[in-house]
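To start, the structure under review is shown below, and the notes come after it.
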Amino acid sequence: MKKLTDIQVKNTVKVEGLLSTGNLKERMLALGLTEGAEINVIRKGPKNNLTVYNIRGSKIALRQEESNLILVSDI
């Protein structure tokens with residue numbers, strides 16, 4: 001399985017699972033990062049530290065360390 005960080009711009013993937021725990025996992029679930037959710041990679045920021053994603057119709061920016069905790073698969 002791939003991590004969200006590995007996905008290139010303009011690709012769409014599906015969430016397979018989260019590696020995060022505690023408050024961070026709750027935050028990710030509140031953002032709509034539930035199993036089966038589709039994520040579209042919109043653009044990457046400077047030095048690829050921040051990436052903007054379209055998650056369930058909302059544009060959300062995640063840091064690289066947060067994106068590393070999201071397991072995805074191709075659609």
With rounding to the nearest 0.5 Å, note down the distance linking CD in Q64 to NZ in K44. 7.5 Å
Tell me the closest heavy-atom pair linking G32 and A37, and the distance in Å. O-CB, 3.4 Å
Mind checking whether L50 and V13 sit in one hydrophobic cluster, side chains of I, L, V, M, F, W, Y counted as touching below 4.5 Å? no
With heavy-atom distances below 4.5 Å as the criterion, would you say the side chains of L19 and L71 are in contact? yes
Nearest heavy atoms of L69 and S20, plus distance in Å: CD1-CB, 3.9 Å
If hydrophobic clusters are built by linking Ile, Leu, Val, Met, Phe, Trp and Tyr wherever their side-chain heavy atoms come under 4.5 Å apart, do I55 and L29 end up in the same one? yes
Indicate the atoms forming the closest heavy-atom contact of L33 with L18, along with that distance. O-CD1, 3.6 Å
Determine whether V72 and K14 make a side-chain contact, defined as any pair of heavy atoms from C-beta on separated by less than 4.5 Å. no
Test of understanding: with salt bridge (charged side-chain N to carboxylate O under 4.0 Å, His left out), list the residues that count as partners of K2, not counting sequence neighbours. D74
Distance, nearest 0.5 Å, that separates OH of Y53 from CZ of R43: 12.5 Å
Less than 3.5 Å apart, any donor N or O on the side chain of S73 or E16 sitting next to an acceptor on the other? yes
Going only through I, L, V, M, F, W and Y residues with side-chain contacts under 4.5 Å, is there a path from M1 to L4? yes
When you compare the side chain of E65 with that of N49, does any pair of heavy atoms fall below 4.5 Å? yes
Please walk me through it: do N40 and K59 pass side-chain contact (heavy atoms from CB on, under 4.5 Å)? CA-CA 9 Å; N40 185 13; K59 291 181 181 171; over 6 Å; no
Cluster check V15, L24: I/L/V/M/F/W/Y, side chain < 4.5 angstrom: yes
Contacts of T5 meeting side chain to side chain donor-acceptor pair (under 3.5 Å) (sequence neighbours excluded), chain-then-number -> N68
Measuring from I39:CD1 to I60:CD1, what's the distance to the nearest 0.5 Å? 9.0 Å
Using a cut-off of 6.0 Å, state whether more than 12 heavy atoms not belonging to R56 lie near its atom CZ. yes
Which is it for T51 and L62 under the side-chain contact (heavy atoms from CB on, under 4.5 Å) test, yes or no, and what are the steps along the way? CA-CA 6 Å; T51 304; L62 296 175; 6.0 Å; no
